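Source: prediction; values computed, not measured. Values below: every heavy atom of this structure, side chains too, minus hydrogens, waters and symmetry copies.
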Amino acid sequence: MQKSECQEGVQLRSRVTGNCDQRTSSRTQIKHRTSAERSKSSSSVGSPESARKLHPRPSDKLNPKTINPFGEQSRAPSAFAAIYSKGGIPCRLVHGSVKHRLQWECAPENLPFDPLLITLAEGLRETKHPYTFVSKEGFRELLLVQGAPEKAVRLLPRLIPVLKAALVHVDDEVFERGLNALVQLSVVVGPSLNDHLKHLLTSGSLIIIKSKIPTYCSICG
């Protein structure tokens, strides 16, 4: 009788011990799994890429994201970008220590305004570097060459719709480039611009442009 009771006690202790071992093993597995998840989470948060996203560097603002015109893009390039990548704009961007500048392949006064000036005007709607700088600076420098007034006047019927597209653009910087280009054009062509202003000015933009266009423009009062 005592032997039977002893055997039952041994079996009971074995069963209890087995349950304890299973619980201990489960707790160990849970701890390992939790530790691995914490380690994975901390490694992702502490990665350089995550740190850059959470704390952007000051240089990110000074150096805008640059488009490689020769690389593959996720979408089809604009007309200006396509022309620029194929060498259709006879100048290149020179990065200076203080500011950028354009270096022309030949003297700008020897270049045909048609269609170069119109192409540069179309580039004013670009929002990526270096297209923004090339179009803005190229348009300005081309209007400074000798004989620019006569050449630009002949292109006014085609230039005005392009500049209007920049003036109605949703991007404020595009609007500003379009406005500056219009002011530069008005200085070069003078009163010849009067007959075309009414086609591109709206009542809302007239107030802004009125203070920029020279007083000889009749439409501005």
If the condition is salt bridge (charged side-chain N to carboxylate O under 4.0 Å, His left out), which residues does R92 pass it with, not counting sequence neighbours? none

Salt bridge (charged side-chain N to carboxylate O under 4.0 Å, His left out) filter on D171, not counting sequence neighbours, yields none

Min side-chain heavy-atom separation [X]-[Y] under 4.5 Å:
| X | Y | value |
| --- | --- | --- |
| V174 | L167 | no |
| F175 | V170 | no |
| L124 | V162 | no |

Roughly how far apart are [X] [atom1] and [Y] [atom2], rounded to 0.5 Å?
| X | Y | atom1 | atom2 | result |
| --- | --- | --- | --- | --- |
| L163 | R125 | CG | CZ | 9.5 Å |
| I160 | L197 | CD1 | CG | 6.5 Å |
| L102 | C91 | CG | SG | 4.5 Å |
| R154 | S192 | CZ | OG | 12.0 Å |
| E122 | I83 | CD | CD1 | 6.5 Å |
| L159 | L193 | CG | CG | 10.0 Å |

Can you tell me if CD on E176 sees more than 12 non-hydrogen neighbours from other groups inside 6.0 Å? no

Verify the neighbour count for atom CD of E109: are there more than 12 heavy atoms of other residues, nucleotides or ligands below 6.0 Å? yes

F133: ring-ring contact (aromatic ring centres under 6.0 Å, His included) partners, not counting sequence neighbours: H100

I'd like a table of donor-acceptor pairs (distance under 3.5 Å, sequence neighbours excluded) in which one partner is a side-chain atom from residues 134-149, with atom names and distances.
residue: S135; atom: OG; partner: G123; partner atom: O; Å: 3.0
residue: S135; atom: OG; partner: Y131; partner atom: O; Å: 2.9
residue: S135; atom: OG; partner: T132; partner atom: O; Å: 3.1
residue: E137; atom: OE1; partner: R140; partner atom: NE; Å: 3.4
residue: E137; atom: OE2; partner: R140; partner atom: NE; Å: 3.4
residue: E137; atom: OE2; partner: R140; partner atom: NH2; Å: 2.5
residue: E141; atom: OE1; partner: W104; partner atom: NE1; Å: 2.7

Show me the donor-acceptor pairs within less than 3.5 Å that the side chains of residues 112-121 make with the rest of the protein, sequence neighbours left out.
residue: D114; atom: OD1; partner: R158; partner atom: NH1; Å: 3.3
residue: D114; atom: OD1; partner: R158; partner atom: NH2; Å: 3.1
residue: D114; atom: OD2; partner: R158; partner atom: NH1; Å: 3.0
residue: T119; atom: OG1; partner: P115; partner atom: O; Å: 3.0

Any salt bridge (Lys or Arg N to Asp or Glu O under 4.0 Å) pairs touching residues 96-107, not counting sequence neighbours? none

Test log, rule side chain to side chain donor-acceptor pair (under 3.5 Å), inputs S78 and E126: CA-CA 8 Å; S78 63; E126 296 289 339; 2.3 Å; yes

Work out which heavy atom in L93 is nearest to a heavy atom in P130; give both atom names and the distance. CD2-CB, 3.6 Å

